[in-house]
Amino acid sequence: MPNELMSWTLEAFDRLSDGCIALDPEWRYTYVNAAAGEILGREPDTLIGRHVWAEFPTPADNPFRVAYQTAMSQQHTVTVESFDDVGGRWYENRIYPSDAGLTVLFIDVTARKTAEIREQGQNRILEGIAEHRPLSESLTEIALLHEMLDPYAACSVLLVTPDGRHVRHGAAPSLPDAFTSSIDGLAIGEGHGSCGAAAATGRQVIVGDIETHPSWENYRHLALPHGLRACWSTPVFGSDGDV
């Protein structure tokens, strides 16, 4: 009966749309369902017997790693919610310890988390406007909101000069000062990086590889030393229809 029960339980886990894994006390995979395999980008069978931190090295302060170790050492259930670099999504991990190790359920909470981040960020921006805070503070909040929605990105906001010929630095909280100062005053036009082209054409410009794209020919030496490899520039229009 126990074997039949175990077989039925694993079959049920295999049908889950959420990810499920089991780890032994030595941090080796003993079970990975299909959904977890998709999240981790691995075939489930290839992970069995493998050490979780060897397969997916993470810093000691990674929220998931800390939660796993807490559940294992203190033998109590832990729930943690964080962005997962492997899956590129927000997950809630419910971690259940036992003498056999850990059972972990990955629950995708990206839609809820994104809505929460957007609402909180918009509230901060509106509060700043209502309190007449400096424009730079509002622009920084906008940039930070975009970065929270897309943790892989570093966001900047550029302002078009009154003569419509250049862009000036507005806010870039996560970009190196050396880079932002080097493009402050960038001319608007085709061939002037992603932002110069977007401001000139009024259209979104997506550059997948700064190193080879012609728009960055005269500017890639400013970006590449800082590890910047791609750029997505979107024009924002004022009430008068101008960028």
Side-chain angles (χ1 to χ4, degrees), residues 1-124 141 144-155 173-174 227:
M1 186 62 179
N3 289 337
E4 292 178 3
L5 180 59
M6 179 62 72
S7 177
W8 181 88
T9 301
L10 293 179
E11 183 178 346
F13 280 141
D14 280 333
R15 294 177 179 175
L16 285 176
S17 59
D18 297 321
C20 178
I21 66 169
L23 302 170
D24 68 18
E26 302 301 320
W27 300 106
R28 300 187 184 280
Y29 288 97
T30 58
Y31 174 75
V32 181
N33 76 346
E38 291 183 12
I39 293 168
L40 299 172
R42 305 284 185 87
E43 289 295 328
D45 290 346
T46 65
L47 289 173
I48 302 303
R50 300 282 187 174
H51 193 285
V52 60
W53 308 128
E55 293 299 307
F56 302 102
T58 56
D61 61 351
N62 176 277
F64 295 122
R65 183 166 185 163
V66 170
Y68 284 27
Q69 291 173 331
T70 298
M72 187 81 83
S73 63
Q74 299 182 13
Q75 286 293 294
H76 66 74
T77 300
V78 176
T79 299
V80 61
E81 184 178 280
S82 186
F83 184 78
D84 176 40
D85 288 328
V86 176
R89 309 277 292 175
W90 286 88
Y91 287 99
E92 177 186 273
N93 277 206
R94 298 178 184 175
I95 310 160
Y96 303 93
S98 70
D99 292 341
L102 299 178
T103 299
V104 184
L105 292 178
F106 307 139
I107 301 172
D108 190 331
V109 294
T110 303
R112 172 177 62 77
K113 192 67 178 178
T114 298
E116 290 176 358
I117 291 171
R118 184 179 288 114
E119 181 179 6
Q120 293 166 2
Q122 290 173 344
N123 288 341
R124 288 194 300 271
E141 287 289 353
L144 290 172
L145 174 57
H146 280 280
E147 291 177 355
M148 291 186 72
L149 292 171
D150 183 0
Y152 293 120
C155 179
S174 300

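Just the heavy atoms: all of them, side chains too, but no hydrogens, waters or symmetry mates, feed the values below.
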Subject >> Sidechain-backbone polar pair: R65 side chain, T58 backbone, donor-acceptor under 3.5 Å >> reply: yes

Original post:
Any side-chain heavy atom of H76 within less than 4.5 Å of one from T70?
Top reply: yes

**OP:** Would you name the heavy atoms of V80 and P63 that are closest together and state the gap between them?
**Re:** CG2-O, 3.9 Å

**OP:** Hey, could you give me the CZ/CD distance between F64 and E81, rounded to the nearest 0.5 Å?
**Re:** 8.5 Å

**OP:** Measure the CG-OG distance between N62 and S82 for me, rounded to the nearest 0.5 Å.
**Re:** 6.5 Å

Subject >> N33 side chain to D18 backbone, donor-acceptor under 3.5 Å >> reply: yes

Original post:
Going from CE on M72 to CD on E26, what distance comes out if it is rounded to the nearest 0.5 angstrom?
Top reply: 8.5 Å

Original post:
What are the two closest heavy atoms between V66 and A60, and how far apart are they?
Top reply: CG2-O, 3.4 Å

Using distance only, find each side-chain donor-acceptor pair of residues 34-50 under 3.5 Å and give its atom names and separation, not counting sequence neighbours.
unit_1 : atom_1 : unit_2 : atom_2 : d
R42    : NH1    : E55    : OE1    : 2.6
R42    : NH2    : E55    : O      : 3.4
T46    : OG1    : E43    : O      : 2.6

Original post:
Which atoms form the tightest heavy-atom contact between T114 and L149, and what is the distance?
Top reply: CG2-CD2, 3.5 Å

Subject >> Smallest separation among heavy atoms of I117 and M148, with atom names >> reply: CG2-CB, 3.6 Å

Original post:
So do R94 and T79 actually touch side chain to side chain, heavy atoms under 4.5 Å?
Top reply: yes

**OP:** Using the six-membered ring wherever Trp is involved, compare the ring planes of W27 and W53 and label them parallel, tilted or perpendicular (cut-offs 30° and 60°).
**Re:** tilted

Subject >> More than 12 heavy atoms of other groups within 6.0 Å of Q74 CD >> reply: yes

**OP:** Let me see the working for L23 and Y29 under side-chain contact (heavy atoms from CB on, under 4.5 Å), right down to the final yes or no.
**Re:** CA-CA 5 Å; L23 302 170; Y29 288 97; 3.7 Å; yes

Original post:
Hey, what do you get for SG (C155) to CG (L144), rounding to the nearest 0.5 Å?
Top reply: 8.5 Å

**OP:** Locate the shortest heavy-atom distance separating R118 from L145; write the atom from each residue and the value.
**Re:** CA-CD1, 3.9 Å

Original post:
For atom CD of E119, is the number of surrounding heavy atoms from other residues, nucleotides or ligands below 6.0 Å larger than 12?
Top reply: no

**OP:** Answer yes or no: is there a side-chain heavy-atom contact under 4.5 Å between Y68 and L102?
**Re:** yes

Subject >> Sub-4.5 Å side-chain heavy-atom contact between T77 and P97 >> reply: yes

**OP:** Just grab all the ring-ring contact (aromatic ring centres under 6.0 Å, His included) pairs involving residues 88-122, residues at least two apart or on different chains.
**Re:** F83-W90

